[in-house]
Structures are given as C-alpha cells and as structure tokens.
*Asks:* 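Below is the structure I would like to discuss, written out as structure tokens.
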Amino acid sequence: MRADDNERAAWRDEFPIRENDERYVTRRQFARFLVLTSLAMFVGQLWILAKSWLGKAPRYAAATIPGAVDLPVGGSTVFDYPETGEPCLLIRRSQDEFVAFSQKCTHLSCAVYYSKDNDRIECPCHVGYFSPRDGRVLQGPPPRPLPRVILERRDGELVAVGMMTGSEG
Amino acid sequence: MSQDKRLPALNGALGLIVLLLVVQMWLLTATLESYLAEHHEAALSGAVLSAILFSACGALYLFVGRVDRRSRDDRGM
C-alpha cells in the first residue's frame with residue numbers, strides 16, 4: 001500500500017494541474033479570443049482594401065465561339081471563356097441577337113441553364129432565376145447579376161472579347 | 001468600482017464585445033460582397049469602420065482585464 005501511495009504522489013507531481021482547472025476559461029481569456037477574432041476581421045477588411053487599390057483590371061483575349069452562328073433561335077450552348085474551365089452560356093435570342101453570361105451562379109457557383117419555355121436563366125440548386133436580357137437577378141438567393149460576356153461580330157463569326165460584371169452594365 | 005458592480009460590468013463588457021463582433025462580421029461580409037460586385041468604393045469605408053470596431057473591442061478588453069485584475073487583487077488571488 002505504501003508503494004501505491006508513493007506512486008500516486010509521484011503521479012500528482014507530474015500532473016499538478018487538475019483537468020477541470022485546465023479546461024476553465026476565464027473571462028479575460030474569452031475576451032482575448034473575441035478581440036483576436038475582431039483583429040482577424042479587421043485584417044480581412046484591410047486585405048479587401050489592398051485588393052481594391054492594388055488589383056489590376058483583368059485583360060481578356062478575344063476568342064471565337066465555335067458553332068455560335070449555327071445555333072437556332074432560342075437555343076443555347078456552353079463555351080469556355082476567358083479560360084478553359086470557365087464555362088459561359090451563350091443564348092441566341094433572335095436571328096441577330098446573341099447574349100452570353102458566365103455559367104456560374106453568383107450564389108454558390110452552380111451551373112445555370114437557359115429555359116426557353118420560361119425565357120429565363122435558371123439555377124437548379126436554389127431556384128435562382130436571372131434575366132436573359134442583362135443577367136440581372138429575377139428571383140432567389142443570388143446576390144449579384146451574372147457576369148456578362150461582351151460579344152462582337154467579326155467576319156461572320158461571333159467573338160467573345162471581354163467580361164463585365166452585372167453592376168457595370 | 002465596488003465588488004457587487006464588477007460582475008455585471010464584466011458581463012456587460014463581454015456582451016458588448018460579442019455585439020461589436022457580430023457587427024464586424026456583417027461588415028466584412030457586406031464589404032466582400034460589394035468587392036465581388038466590383039463596387040470598390042465600399043472597401044475604404046468598410047476598413048475604417050472595422051478599425052473603429054476593433055479599437056472599441058480592444059478598449060473593452062483592456063477594461064475587462066483591469067476589472068478582473070482588481071477583483072483578483074481584492075480577493076488576494
């Protein structure tokens with residue numbers, strides 16, 4: 001028994017802090033955690049400010065949209081612009097009117113599609129609808145219009161020459 | 001400050017810090033949303049307001065620390 005007592009005493013020397021004491025959080029510690037979180041928020045704001053001031057306007061290369069002129073009126077197709085893996089939705093609204101938008105929903109980046117019957121661009125994930133005329137939000141949770149692709153006609157081909165956000169249009 | 005007023009003061013200060021933090025979170029979300037929508041003019045005002053909120057949180061933290069320390073001193077801890 002005496003040996004056990006000695007072992008127990010040695011164990012207590014090794015771990016002098018009780019588990020409950022270790023888990024106890026003082027008001028000061030809690031306040032410090034909150035203030036550090038506040039600091040992180042402030043740093044995030046500074047990061048946005050730096051990006052706004054130092055960020056350069058993106059440059060877009062012109063790219064021919066393959067098969068665009070063969071698209072039937074009311075039809076739509078998907079092409080990559082400005083880079084591969086950046087899907088955009090091209091819609092032929094009339095014989096001479098084409099519009100194109102980023103295919104990523106501005107809510108959570110689900111792929112949107114054109115509904116000819118309802119004449120609107122629809123996001124199936126959270127039922128967000130966009131106008132096919134200018135990409136503005138008609139309904140649902142998307143916070144911003146769809147980024148629009150600037151199109152030009154060159155030598156009978158349809159060419160994407162740039163992107164603009166809905167707020168610029 | 002008397003002993004019986006310290007606890008409500010501490011709790012009030014902590015509650016106020018939490019409230020300021022919630023406002024700061026909303027502000028960051030709104031500024032990010034504006035930035036993504038290419039409204040860069042909101043970034044400066046957002047950063048200034050966030051700095052004010054952070055300063056207020058820091059001041060409240062100092063207040064909590066001071067009251068807590070005084071309370072411990074009075075109790076001989």
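Heavy atoms only: backbone and side chains are in, while hydrogens, waters and symmetry mates are out. In the text below, chain A, chain B and the rest are named by the order of the sequence lines, each starting its count at 1.
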*Asks:* Chain A heavy atoms under 4.5 Å from B/Leu20: which part of the residue, side chain, backbone, both or neither?
*Replies:*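 Neither part.
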*Asks:* Examine whether an atom of B/Leu36 lies under 4.5 Å from a heavy atom of chain A, and if so say whether it belongs to the side chain, the backbone or both; otherwise answer neither.
*Replies:*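 Both parts, backbone and side chain.
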*Asks:* Check whether A/Arg28 gets within reach of chain B through its side chain, its backbone, both or neither, counting any heavy atom under 4.5 Å.
*Replies:*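 Both backbone and side chain.
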*Asks:* Most heavy-atom pairs under 4.5 angstrom with chain B, which of A/Ala31, A/Ser38, A/Pro143?
*Replies:*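 Heavy-atom pair counts peak at A/Ser38.
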*Asks:* Would you say A/Asp134's side chain and A/Arg136's backbone share a donor-acceptor pair under 3.5 angstrom?
*Replies:*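 Present.
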*Asks:* When you measure from the side chain of A/Thr64 to the backbone of A/Pro66, do you find a donor-acceptor pair of N or O atoms at a distance under 3.5 Å?
*Replies:*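 Side chain of A/Thr64 to backbone of A/Pro66: no pair is present.
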*Asks:* How are the rings of A/Phe79 and A/Tyr81 set to each other: parallel, tilted or perpendicular (split at 30° and 60°)?
*Replies:*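 A/Phe79 and A/Tyr81: tilted rings.
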*Asks:* May I ask you to decide if the ring planes of B/Phe54 and A/Phe42 are parallel, tilted or perpendicular, using 30° and 60° as cut-offs?
*Replies:*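 Judged by the thresholds at 30° and 60°, the geometry between B/Phe54 and A/Phe42 is parallel.
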*Asks:* Within the supplied structure, the quantity of interest is the number of heavy atoms (other residues, nucleotides, ligands) at a distance under 6.0 Å from A/Glu83 CD; does it exceed 12?
*Replies:*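 12 or below, so no.
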*Asks:* For B/Leu44, is it the side chain, the backbone, both, or neither that has a heavy atom closer than 4.5 Å to a heavy atom of chain A?
*Replies:*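 When you check distances to chain A, atoms from both the backbone and side chain of B/Leu44 fall under 4.5 Å.
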*Asks:* Specify which of B/Gly65, B/Ala42, B/Gly58, B/Ala43 makes the most heavy-atom pairs with chain A at under 4.5 Å.
*Replies:*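 Top count of heavy-atom pairs under 4.5 Å with chain A: B/Ala43.
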*Asks:* Among A/Leu39, A/Thr37, A/Leu46, single out the residue with the greatest number of heavy-atom pairs under 4.5 Å to chain B.
*Replies:*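 When all of A/Leu39, A/Thr37, A/Leu46 are compared, A/Leu39 has the most.
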